[in-house]
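The structure appears below as structure tokens.
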Amino acid sequence: MRIERARGTRDFLPAEMRKRKIMEERMRDVAERWGYEEIRTPTFERAELFTLKSGEAILKEMYEFRDKGDRHLALRPELTAPVIRMYINELKMTPKPTKVYYFGNCFRYEEPQKARYREFWQFGTEIIGSDRPEAQAELIALAFNILKSLGVKAELHVGHVGLIRERLRAAQVDEAHINTVMRLIDKGERQAVIELMNEADVKKDLIDDLLCLLDSKGKNALQEARGRNIIAADSDALRELELLLEYLDYYGVDYTLNLGIARGLDYYTGMVFEIYDAGGMLGAQNQICGGGSYRLAALFGGEDIPLTGFAFGFDRLAEIFGVDDKDLERRGVVVVPIRDKEADLTVTKEAIEIASRLREFVPTHIDLMNRSLSAQLKYANACHDSFAVLVGKNELKESNVTLRNLDTGEQEKMSVEDCVVRLKAYFGVIGEEK
RNA sequence: GCCGGGGUGUGGUAGAGGCUAUCCCUGGGGACUGUGGAUCCCUAGACCCGGGUUCGAAUCCCGGCCCCGGCCCCA
């Protein structure tokens, strides 16, 4: 009987893995050069870590279970909460800001769709200890540069939930209602927002101001809003946002100001941003990154430290990441022992020794099926190898090997030493050992 | 949770109630134990699962599973 893959999961074949590894390497590389260090948390956690953050309702969207010790556990549905937990448990004493990144699989029990799976990967970073504009700008610039390293065309929208919250407070809306409104804004339900405000007896011109703020887009939105007195001149959020945008210019980051981004979660406190695929390849799921400044640590029993972070949907990036076929094609070498019918082991011994040397710097095959010479070459061809190193008794007699270029068919006899040098040069190995 | 379209060897397919299920690609072996990509031969390998209708089901019906896409959601 044939066993099917679990719903919403995928197998990654070598070609896909090569692509994903290239992406991972580039993303890690950028993060490292920006001074972030990789961390890793467990694949499963106590379920309450996630319900505390997102409410009991998300239990039905998680893979949660009881272990044999009756602990209530869950496969992680995201990585922010685990990272904060790790920080509170064991990173508290590190110098601030603490800059970390992560890459890991997450699990959600949802209906699979385009670029949406039950097991998916997130790549994200957290700045622990700062939500100042300097930190916000660096974080956004980092996300921007990671996308650049992947050659992905994307659109960055930056907002600030503080502006809207301030506006609502000015309108005498209480905190509980503010959170409700933020959630509605995030869902784009304007009508519901208006109704709720009417119920709360908010004056009509204040409602208009709010709606106007939500619609603000583009570089000049801030000046316009201030010009029309929608934002108070002494607004803290405004000052923070202006500074952030200034810094983004220094970083050379292109952005669209979008005050309508609300991220309907209570713990977002300041800057928020989202990045969308600009190529239209993702259908309905076109958001590839989300982040912002938030306060979450106190919820998990830590000090209420400011946090700024983002997470990329790695699978969505993989969907739109284009890579040269050349980069994906694995080019290696095959060592071909030519055995005679007496099954003389000296040829095999020599071949293995040569393969071991080549394996220090290039993918190397050697026959595992006791095949004939021509069958070995046929296999090498099917595997897109570049060179064959032929080792037979003729070569052994002369202490030589035959190096055959599988692209051109040219071949020539040479010593093992010359062969190694030649292949090192071809595969661009620098820093010859002495 | 809801809606639409699908599921035949590794992959891609033909087949529309009736012979041993078509063809291409693929895997293994051989022609060919010192030179590959061609050709030929042999060989491996499939009707998603369960039930129903029928003399007879890959084909029609029902349920499930899975895939693709959309809604909801997206921490």
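So that the names make sense, note that chain A is the first sequence line, chain B the second, and so on, each numbered from 1. Just so it is clear, the values below take in all heavy atoms, side chains as well, and ignore hydrogens, waters and symmetry mates.
No hydrogens or angles considered: nothing links the side chains of A/E110 and A/Y117 as a donor-acceptor pair under 3.5 Å. With 3.5 Å as the limit, one finds a donor-acceptor pair spanning the side chains of A/E64 and A/H72.
The shortest distance between side-chain heavy atoms of A/L163 and A/L222 falls below 4.5 Å.
Comparing the P positions of B/A58 and B/U33 gives an interatomic distance of 44 Å, to the nearest angstrom. Using atom C1' as the reference point in both B/C47 and B/C41, the two lie 28 Å apart (nearest Å). To the nearest whole angstrom, the two P atoms, one in B/G37 and one in B/U26, are 13 Å apart. B/G69 sits 23 Å from B/G63 when the C1' atoms are compared, rounded to a whole Å. For the C1' atoms, the distance linking B/G50 with B/C65 amounts to 10 Å, nearest Å. A distance of about 16 Å separates the C1' atoms of B/G12 and B/G6, rounded to the whole Å. Using atom C1' as the reference point in both B/G64 and B/C19, the two lie 33 Å apart (nearest Å). B/C25 and B/U8 have their C1' atoms separated by 16 Å, given to the nearest Å.
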Scan nucleotides 35-43 of chain B against the protein and return all N/O pairs shorter than 3.5 Å with their distances rounded to 0.1 Å.
from	atom 1	to	atom 2	distance (Å)
B/U35	O2	A/R404	NH1	3.0
B/U35	O2	A/Q411	OE1	3.1
B/U35	N3	A/Q411	OE1	3.1
B/U35	N3	A/Q411	NE2	3.1
B/U35	O4	A/Q411	NE2	3.2
B/G36	N7	A/R404	NH2	2.7
B/G36	O6	A/R404	NH2	3.1
B/G36	N1	A/L406	O	2.8
B/G36	N2	A/N381	OD1	2.3
B/G36	N2	A/L406	O	3.4
B/G37	N2	A/N381	OD1	2.9
B/G37	N3	A/N381	OD1	3.2
B/G37	N3	A/N381	ND2	3.4

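Each of A/N394 and A/A382 was matched to the nucleotide of RNA chain B holding its nearest heavy atom; the match closer to the 5' end belongs to A/A382.
Ring pair A/F65/A/F44 is perpendicular by interplanar angle, where above 60° counts as perpendicular and below 30° as parallel. Taking the six-membered ring for Trp and thresholds of 30 and 60 degrees, A/F312 and A/F123 have ring planes inclined between 30 and 60 degrees apart.
Across every strand in view, B/C66 sits in a pair with B/G6 that passes the Watson-Crick or G-U test at under 3.5 angstrom. Base pairing annotation: B/A58 forms no Watson-Crick or G-U wobble pair, as no partner gives both donor-acceptor distances under 3.5 Å. In this entry B/C40 has B/G30 as its Watson-Crick or G-U wobble partner, both defining distances falling under 3.5 Å.
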Practice item. Treat primed atoms plus P, OP1 and OP2 as sugar-phosphate and everything else as base, then score nucleotides 63-75 of chain B 5' to 3': B for base contact with protein heavy atoms under 4.0 Å, S for sugar-phosphate contact only, - for none. Key: ---SS-SSBBBBB

Check your understanding: Checking salt bridge (charged side-chain N to carboxylate O under 4.0 Å, His left out) for the pair A/E111/A/R118: CA distance, chi angles, key distance, verdict?
Key -> CA-CA 8 Å; A/E111 286 312 296; A/R118 288 185 170 179; 3.5 Å; yes

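With hydrogens and angles ignored, the 3.5 Å screen pairs a side-chain donor or acceptor of A/Q136 with a backbone N or O of A/D131. Between the side chain of A/N381 and the backbone N or O of A/L377, no donor-acceptor pair lies under 3.5 Å.
Whole-Å rounding puts the A/N370 CG to B/G28 C1' distance at 14 Å.
Within the 4.0 angstrom heavy-atom criterion, only backbone atoms of the sugar-phosphate kind lie near A/R371; the bases stay farther away.
Checked against the 6.0 Å centroid criterion, the rings of A/Y251 and A/F144 do not qualify as a close aromatic pair.
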